[in-house]
Amino acid sequence: QVQLVESGGGLVQAGGSLRLSCVASGNIPSSNVMAWYRQPQGKQRVMVAMITSGGVTDYMRDVKGRFTISRDKGKEALYLQMNSLKPEDTAVYSCHTIIRGIDVWGPGTQVTVSS
């Protein structure tokens, strides 16, 4: 059973940057899609960005041009570079994949952007 753990969250001023990491305890099938989600306090969780095994990416409209998702298969790691952060980006960020038809989530890391 693969486990995911995120890191890199914290408090940053608007306009600043953070780089989130997600590391898997075991092998993630190379064909799997991996994604970052976020859940602001009191709101529903939404997908922020995703990446395929071939490196194809997609982003929610609100973060296009500011966030970059990347994947290191050798390190079994997923990253989210977040630039030009806004207070609206404040949320718990979680990484996600599907293995053998089952959703696998990390516990999340808090990102707080002050104005």
Side-chain angles (χ1 to χ4, degrees):
Q1 183 71 239
V2 172
Q3 293 182 319
L4 305 174
V5 60
E6 304 92 343
S7 63
L11 176 64
V12 64
Q13 291 187 331
S17 298
L18 286 173
R19 180 176 172 85
L20 305 184
S21 299
C22 172
V23 179
S25 63
N27 179 64
I28 303 293
S30 60
S31 61
N32 282 18
V33 172
M34 298 196 72
W36 285 98
Y37 285 72
R38 71 184 185 189
Q39 184 170 28
Q41 186 80 262
K43 298 182 179 180
Q44 294 186 335
R45 183 166 56 193
V46 297
M47 189 179 75
V48 177
M50 57 83 72
I51 185 168
T52 70
S53 61
V56 177
T57 61
D58 196 17
Y59 302 87
M60 67 180 295
R61 179 175 295 184
D62 289 353
V63 308
K64 285 184 177 179
R66 300 190 297 118
F67 291 10
T68 303
I69 187 171
S70 60
R71 183 176 186 174
D72 187 332
K73 294 180 180 179
K75 296 182 179 180
E76 301 291 351
L78 181 72
Y79 305 100
L80 185 67
Q81 178 66 45
M82 305 185 294
N83 299 325
S84 301
L85 283 162
K86 304 174 181 179
E88 303 89 86
D89 296 319
T90 295
V92 173
Y93 285 71
S94 303
C95 59
H96 169 268
T97 191
I98 298 177
I99 300 177
R100 298 176 183 176
I102 300 175
D103 290 301
V104 181
W105 295 92
T109 184
Q110 176 70 45
V111 171
T112 302
V113 184
S114 65
S115 60

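FYI, the numbering just counts along the sequence from 1.
- Judged as a side-chain contact (heavy atoms from CB on, under 4.5 Å), and not counting sequence neighbours, the contacts of Ala91 are Arg38, Pro40, Tyr93.
- Pairs passing the disulfide (SG to SG under 2.5 Å) check and including a residue from residues 45-89, sequence neighbours excluded, do not occur.
- Sorted by first then second residue, the ring pair (Phe, Tyr, Trp, His ring centres under 6.0 Å) pairs that include residues 63-88, not counting sequence neighbours, number zero.
- For residues 98-115, the set of pairs meeting the side-chain hydrogen bond (donor to acceptor under 3.5 Å, both in side chains) definition, not counting sequence neighbours, comprises His96-Asp103, Gln110-Thr112.
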Show me, pair by pair, the donor-acceptor contacts under 3.5 angstrom made by side chains of residues 55-64, not counting sequence neighbours?
| from | atom 1 | to | atom 2 | distance (Å) |
| --- | --- | --- | --- | --- |
| Tyr59 | OH | Ile69 | N | 2.9 |

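- Minimum heavy-atom separation, Glu6 to Gly108: OE1-N, 2.6 Å.
- Under the side-chain hydrogen bond (donor to acceptor under 3.5 Å, both in side chains) criterion, Arg66 pairs with Asp89, not counting sequence neighbours.
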Ignoring hydrogens and angles, write down the donor-acceptor pairs under 3.5 Å from the side chains of residues 9-24, residues two or more places apart or on other chains.
| from | atom 1 | to | atom 2 | distance (Å) |
| --- | --- | --- | --- | --- |
| Ser17 | OG | Asn83 | OD1 | 2.9 |

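- Linking Ile, Leu, Val, Met, Phe, Trp and Tyr residues whenever their side-chain heavy atoms come within less than 4.5 Å places Tyr37 and Val33 in a single cluster.
- Atom CE of Met50 and atom CG of Leu78 lie 11.0 Å apart (nearest 0.5 Å).
- Residues passing the side-chain contact (heavy atoms from CB on, under 4.5 Å) test with Gln3 are Ser25, sequence neighbours excluded.
- Sorted pairs that involve residues 32-88 and meet disulfide (SG to SG under 2.5 Å), not counting sequence neighbours, are lacking altogether.
- Considering only residues two or more places apart in sequence or on other chains, Ser70 meets the side-chain hydrogen bond (donor to acceptor under 3.5 Å, both in side chains) condition with none of them.
- By the side-chain contact (heavy atoms from CB on, under 4.5 Å) test, Thr97 is found to be paired with Leu4, Ile28, Asn32, Met34, Ile99, Val104, residues two or more places apart in sequence or in another chain being considered.
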